[in-house]
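One structure is given below, encoded as structure tokens.
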Amino acid sequence: MHSINKNVLDQLELAEIFRVTFYKHDEVTTDLICCDVTVAGKVWSFHEELAGWDQPIDHLQTLPDFRANWFASVSQPPFAASETIAFSR
């Protein structure tokens with residue numbers, strides 16, 4: 001996947017989302033922020049370098065009890081493994 005569009009977002013039905021997990025991938029000089037969304041047993045994976053990254057984030061933030069401070073939790077400390085579950089049923 002090279003970009004995120006409405007067709008992708010339509011697959012992420014809020015009522016069907018089981019879990020949203022953010023983590024980072026160490027790329028030696030930078031960290032790549034990633035997101036896995038589990039929907040009906042399928043995992044959709046996104047990362048911040050995809051065109052349209054903000055679209056699923058905006059969409060997912062409307063989930064009830066979505067953890068709004070996910071970015072601060074996953075981004076610090078730099079280059080250390082971190083995983084944050086922002087939503088789970």
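Note that the structure is predicted; figures quoted are calculated from it, not measured. Values reported hereafter were calculated over all heavy atoms of this structure, with side chains retained and with hydrogens, waters and symmetry mates removed.
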Which pair of non-hydrogen atoms, one from Trp44 and one from Gln11, has the smallest distance, and what is that distance? CZ2-CB, 3.3 Å
With a 3.5 Å cut-off and sequence neighbours excluded, list the donor-acceptor pairs that the side chains of residues 71-89 form with protein atoms.
residue: Ser73; atom: OG; partner: Arg67; partner atom: NH2; Å: 2.8
residue: Ser73; atom: OG; partner: Asn69; partner atom: O; Å: 3.4
residue: Ser75; atom: OG; partner: Phe71; partner atom: O; Å: 2.8
residue: Ser82; atom: OG; partner: Val74; partner atom: O; Å: 2.6
residue: Ser88; atom: OG; partner: Arg19; partner atom: NH2; Å: 3.3
residue: Arg89; atom: NE; partner: Ile17; partner atom: O; Å: 2.5
residue: Arg89; atom: NH2; partner: Leu14; partner atom: O; Å: 2.6

Name the orientation class of the two ring planes belonging to Trp70 and Phe22 (parallel below 30°, tilted from 30 to 60°, perpendicular beyond 60°). parallel
Is Glu49 close to Leu32 at the side-chain level, that is, under 4.5 Å between some pair of heavy atoms? yes
Enumerate donor-acceptor pairs with a distance under 3.5 Å from any side-chain N or O in residues 55-64 to protein atoms, sequence neighbours excluded.
residue: His59; atom: NE2; partner: Leu12; partner atom: O; Å: 2.7
residue: Thr62; atom: OG1; partner: His59; partner atom: O; Å: 2.7

Is Glu48 reaching over with its side chain to a backbone N or O of Ile33, donor-acceptor style, under 3.5 angstrom? yes
Verify the cluster assignment for Ile4 and Tyr23: are they in a single hydrophobic cluster under the rule of side-chain heavy atoms below 4.5 Å apart? no
